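A note on names: the letters A, B, ... follow the listed sequences, proteins ahead of strands, and every chain is numbered from 1. This is a predicted model, so every value here is computed, not measured.
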Amino acid sequence: MDCVIIRLDSSCPFNLDFTLCCGQVFRWDKRGTWWYGIVGEDVFKIRQTDNELEFENNDVDFVRHYFGLSEDLPKIFSTIRKDKHIKHAIEKFAGLRILHQNPWECLISYICATYKNIPAVKQMLLKLSRKFGRKITFDKRYFYAFPASQSLAKASVKELAECGLGYRAKYVSGTAKRIYDDDFSFEDLRKASHEKARRELVNLPGVGLKVADCVSLFSLEKLEAFPIDIWIKRVVLKYYANNFPTESVKKMSSKKSPSKAEYERLSLFGRKYFGEYAGYAQEYLYHSERAETSNPKMQKTFKLNPKNSI
DNA sequence: CAAGTGCCTTTATC
DNA sequence: AGATAAAGGCACT
């Protein structure tokens, strides 16, 4: 197996652990110093020393693109660095990058992620892949590729539910059928505007604004997308409350999930305030807030869960 | 350790 | 339009 090395420097900050632990992706697993990931139809492994990225079983172009290494992170930082809160998050998690995920997998992942915690999402996707994905052997271990849209489209709702999807099974089934039957083009959405992409995505069953924004940001290269989950809602209402009417802040703080209209107000604030790279601001704030609010929990998210072996 | 709470929400209904 | 409830079941406290 040939091993490839990418050199990193201060013009290209990158932190592999932050990037893979921050909850944007669910199919990576750390063994010793190596991260093993199932990406597309293949498995590859990668590790980082201070200024080198070393990987096996993939090529440089793919790795650079997948990890977003071509993005000018220093420029992104200077664009979003608007106040002390985001500055703090950037200092703490510098090198966290937004991945360029496969849109199909990303879409199903975030449909599954609704109202679930990250370890549970990992379990669901692992079970789905074991049941419907191709078995891959790598480094004497077994892995399972993410199922093709055809496989999930042909699966029964009952079979999907058995993977722990619960009521999400019917959404995954419905969306898989639409993607497979209608010859849905993610490539068109990648080229389209963020507005257009989210308009199309929310037509799919199980996809609301939050899921559409996550898919746009993590797989369709819409770096201005600003997904509003429970954590980001808290952040915005805590640090940026003066951008909203007092009544509105009170109301939104009192309940856990925002209405559609409230979601749009919060998300639009993020896009306008942080600009074209608002999605990066969102990830840094999300990560920083989680790390701060729940230290013990965060240790767990950051550490590897042995049960989560892929 | 058991029971309660919360979960990177969406949809259906009123 | 806006509020409210229901929806698996797992993970964590």
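By the 4.0 Å N-to-carboxylate-O rule, A:K210 lies too far from A:D229 to be salt-bridged with it.
Within a 6.0 Å radius of NZ in A:K255, more than 12 heavy atoms belonging to other residues, nucleotides or ligands are found. For A:K272, the NZ atom sits in a loose shell: 12 or fewer heavy atoms of surrounding residues, nucleotides or ligands are nearer than 6.0 Å.
Across all strands shown, A:L204 has heavy atoms under 4.0 Å from sugar-phosphate atoms exclusively, and none from any base. Backbone-only contact: A:L209 has heavy atoms under 4.0 Å from sugar-phosphate atoms and none from a base. Residue contacts for A:Y171: at a heavy-atom cut-off of 4.0 Å it reaches the sugar-phosphate backbone alone, with no base atom in range. Within 4.0 Å (heavy atoms only), A:V211 reaches sugar-phosphate atoms of the nucleic acid but no base atom. Within 4.0 Å of A:S259, counting heavy atoms only, lies no atom of the nucleic acid at all. Across all strands, A:P227 comes closer than 4.0 Å to no nucleic acid atom at all (heavy-atom distances).
Across all strands shown, B:dC8 forms no Watson-Crick or G-U wobble pair with both distances under 3.5 Å. Partner assigned to C:dG8 is none, using Watson-Crick or G-U wobble distances below 3.5 angstrom.
The separation between A:L201 atom CG and B:dT9 atom P is 17 Å, rounded to whole Å. Look at OH on A:Y263: it is 10 Å from P on B:dT9, rounded to the nearest Å. One atom, NZ of A:K233, and another, C1' of B:dT10, lie 16 Å apart when rounded to the nearest Å. At whole-Å resolution of the value, CD in A:E247 and C1' in C:dA3 are 16 Å apart. In this structure, the CZ atom of A:F26 is 15 Å from the P atom of B:dC7, given to the nearest Å. Separating the CD1 atom of A:I118 from the P atom of C:dC12 is a distance of 11 Å, rounded to the nearest angstrom. One atom, NZ of A:K122, and another, C1' of B:dC7, lie 16 Å apart when rounded to the nearest Å. Counting to the nearest Å, the P atom of B:dT9 and the CG atom of A:D229 are 6 Å from each other.
Checked against the 6.0 Å centroid threshold, A:Y284 and A:F274 do not count as a close aromatic pair. Ring centroids of A:F184 and A:F186 are separated by less than 6.0 Å, placing the two rings close together.
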> Nucleotide by nucleotide, 5' to 3', does protein get under 4.0 Å of the base (B), only the sugar-phosphate (S), or neither (-) in nucleotides 4-10 of chain C, counting heavy atoms?
Replying inline: ---BBBS

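Both cation-pi conditions hold for A:R234 and A:W231: the charged atom is under 6.0 angstrom from the six-membered ring centre and inside a 45 degree cone around its axis. A cation-pi geometry, defined here as NZ or CZ lying under 6.0 Å from the six-membered ring centre and within 45° of its normal, holds between A:K135 and A:Y142.
Between A:H85 and A:Y240, the ring planes are perpendicular. Angles over 60° get that label, and only those under 30° would be called parallel.
The glycosidic torsion of C:dG8 lies within 90° of 0, placing the base in the syn range.
Remark: the separation of the P atoms in C:dT4 and B:dC8 is 24 Å, to the nearest Å.
Across the interface with DNA chain B, nearest-nucleotide mapping of A:R234 and A:G206 shows A:R234 to be the residue nearer the 5′ end.
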